[in-house]
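Scroll down for the structure; my scribbles are underneath it.
Values below: every heavy atom of this structure, side chains too, minus hydrogens, waters and symmetry copies.
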Amino acid sequence: PEYVEHFNSFMYQNHIVATQTEHNRQRLISQGVKNCLVMPMPMPERDLLVSSQDVEKSGVLYIGTHSPGKNPSAYIKTMAKLGLPCKVMTSSKGRLKFIENFAKAGITDYDIRVGITGREKVDFIKSCKVSFNTSLLESYSFAFLECVGHMPVVVLDRQNWTDNFDSKYYHKVNVRKAHEVIRSLYDSSYNDDALDYVNNLDILAKSAWSNI
């Protein structure tokens with residue numbers, strides 16, 4: 001309760017509240033936040049703004065902790081049906097849980113990375129063919145932003161955080177159909193027009209910070 005009271009003293013008084021998108025800004029305004037600006041964050045890993053068309057790709061990527069909001073069980077169940085290589089970026093605790101649950105699902109082809117940054121993170125993301133973002137709750141999603149310029153991104157229809165992004169750059173599916181969509185995308189070539197979209201968002205982000 002003390003934290004909520006302290007937090008709300010900033011949100012609902014005379015401080016300026018910054019959020020990543022106009023979609024989020026409108027939601028905050030509807031909840032009574034008055035001084036709200038759109039202040040997107042630039043891409044942290046700058047090399048993810050550079051094309052990966054010449055990179056050999058394989059595997060289906062999951063980024064996130066092994067926690068209910070990130071919904072890893074949907075990823076594991078779908079990958080068990082597909083039999084494709086699993087590529088995971090997670091925490092140290094998440095790594096142990098993924099190893100345990102991959103074993104239960106009969107999945108043996110996987111590559112799990114913990115806390116990677118810089119060149120290793122960039123190369124790992126660019127090496128994947130499809131991103132399956134099963135997250136149910138996000139205020140934004142840097143994981144989405146980092147992936148969409150380099151591979152198709154599949155998301156679930158049980159969430160609305162993708163309203164922050166242009167719908168032509170992701171595939172929203174029912175979890176029961178996810179394996180079919182992923183298989184189709186996996187076997188197709190990827191036109192990285194979305195990379196221009198990501199670069200434009202980055203330009204807008206830097207411009208917003210310069211203006212303020």
Side-chain angles (χ1 to χ4, degrees), residues 41-67 69-103 105 107-135 138 140-156 161-162 165 169-171 178-179 181-199 201-202 205:
M41 291 181 67
M43 175 72 76
E45 301 290 356
R46 307 305 294 169
D47 285 341
L48 288 173
L49 298 172
V50 179
S51 176
S52 59
Q53 285 285 63
D54 59 344
V55 176
E56 185 175 346
K57 298 175 182 284
S58 65
V60 178
L61 178 61
Y62 173 98
I63 299 177
T65 57
H66 195 295
S67 57
K70 299 294 185 181
N71 196 24
S73 61
Y75 175 82
I76 294 168
K77 290 176 182 176
T78 299
M79 295 306 294
K81 293 178 183 177
L82 283 167
L84 294 171
C86 298
K87 290 187 173 179
V88 175
M89 289 171 51
T90 190
S91 64
S92 55
K93 289 182 179 179
R95 179 179 180 273
L96 297 176
K97 291 180 180 179
F98 269 107
I99 290 173
E100 177 185 352
N101 288 314
F102 279 157
I107 295 173
T108 58
D109 188 356
Y110 58 81
D111 184 351
I112 302 174
R113 306 291 178 96
V114 173
I116 58 175
T117 59
R119 174 50 56 187
E120 183 182 3
K121 177 180 178 179
V122 169
D123 289 347
F124 190 65
I125 289 174
K126 287 185 174 183
S127 75
C128 300
K129 286 204 76 173
V130 176
S131 168
F132 187 22
N133 192 324
T134 57
S135 185
E138 299 283 344
Y140 192 61
S141 176
F142 269 114
F144 175 90
L145 198 65
E146 290 171 331
C147 293
V148 71
H150 305 283
M151 71 198 82
V153 178
V154 178
V155 300
L156 298 180
W161 58 261
T162 48
F165 303 100
Y169 295 119
Y170 57 83
H171 304 265
H179 66 288
V181 175
I182 292 171
R183 169 56 72 179
S184 175
L185 294 168
Y186 197 88
D187 293 335
S188 304
S189 59
Y190 185 57
N191 184 334
D192 67 352
D193 289 347
L195 189 59
D196 290 335
Y197 170 66
V198 174
N199 271 278
L201 289 179
D202 185 73

Between Lys129 and Tyr186, is there a donor-acceptor pair closer than 3.5 Å when you use the side chain of the first and the backbone of the second?
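Yes.
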Taking the side chain as every heavy atom from C-beta outward, state whether [X] and [Y] have any pair of such atoms under 4.5 Å apart.
{"X": "Asn133", "Y": "Tyr62", "result": "no"}
{"X": "Asp111", "Y": "Phe124", "result": "yes"}
{"X": "His171", "Y": "Leu185", "result": "yes"}
{"X": "Asn71", "Y": "Ser73", "result": "yes"}
{"X": "Val198", "Y": "Tyr169", "result": "no"}
{"X": "Asp202", "Y": "Arg46", "result": "yes"}

Any luck finding a side-chain donor-acceptor pair between Lys70 and Thr90 under 3.5 Å?
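On atom types as modelled, these side chains do not qualify, holding no pair under 3.5 Å.
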Can you name the closest pair of heavy atoms from [X] and [Y] and give their distance?
{"X": "Ser188", "Y": "Ser184", "result": "OG-O, 2.8 Å"}
{"X": "Gly64", "Y": "Phe98", "result": "O-CE1, 4.5 Å"}
{"X": "Pro42", "Y": "Ala205", "result": "N-CB, 3.8 Å"}
{"X": "Val55", "Y": "Ser127", "result": "CG1-CA, 4.2 Å"}
{"X": "Ser67", "Y": "Pro72", "result": "O-CD, 3.1 Å"}

Among Tyr140, Tyr197, Tyr170, Phe142, find the residue that satisfies the ring pair (Phe, Tyr, Trp, His ring centres under 6.0 Å) test when tested with Phe165.
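It is Tyr140, the one option of Tyr140, Tyr197, Tyr170, Phe142 that forms the ring pair (Phe, Tyr, Trp, His ring centres under 6.0 Å) with Phe165.
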Rounded at 0.5 Å granularity, tell me how far [atom1] in [X] sits from [atom2] in [Y].
{"X": "Phe132", "Y": "His179", "atom1": "CZ", "atom2": "NE2", "result": "11.0 Å"}
{"X": "Met151", "Y": "Ser52", "atom1": "CE", "atom2": "OG", "result": "7.0 Å"}
{"X": "Ser92", "Y": "Lys97", "atom1": "OG", "atom2": "NZ", "result": "10.5 Å"}
{"X": "Tyr190", "Y": "His150", "atom1": "OH", "atom2": "NE2", "result": "9.0 Å"}
{"X": "Leu145", "Y": "Glu45", "atom1": "CG", "atom2": "CD", "result": "12.0 Å"}
{"X": "Leu49", "Y": "Asn199", "atom1": "CG", "atom2": "CG", "result": "4.5 Å"}

Derivation and outcome, side chain to side chain contact (heavy atoms under 4.5 Å, CB included), residues Ile125 and Leu48:
CA-CA 9 Å; Ile125 289 174; Leu48 288 173; 4.0 Å; yes
Check Lys121, Arg119, Lys126 against Asp123 for a salt bridge (charged side-chain N to carboxylate O under 4.0 Å, His left out) and give me the one that passes.
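Running salt bridge (charged side-chain N to carboxylate O under 4.0 Å, His left out) over Lys121, Arg119, Lys126 with Asp123 returns exactly one hit, Arg119.
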Enumerate, atom names and distances included, each donor-acceptor pair closer than 3.5 Å involving a side-chain atom of residues 74-86, sequence neighbours excluded.
unit_1	atom_1	unit_2	atom_2	d
Tyr75	OH	Val60	O	2.6
Tyr75	OH	Lys87	N	3.4
Thr78	OG1	Ala74	O	2.7

Chi angles and distances behind the side chain to side chain contact (heavy atoms under 4.5 Å, CB included) call for His66, Asn101:
CA-CA 10 Å; His66 195 295; Asn101 288 314; 3.0 Å; yes
More than 12 foreign heavy atoms under 6.0 Å from CZ of Arg95: is that the case here?
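Atom CZ in Arg95 is not packed in, count stays at 12 or less.
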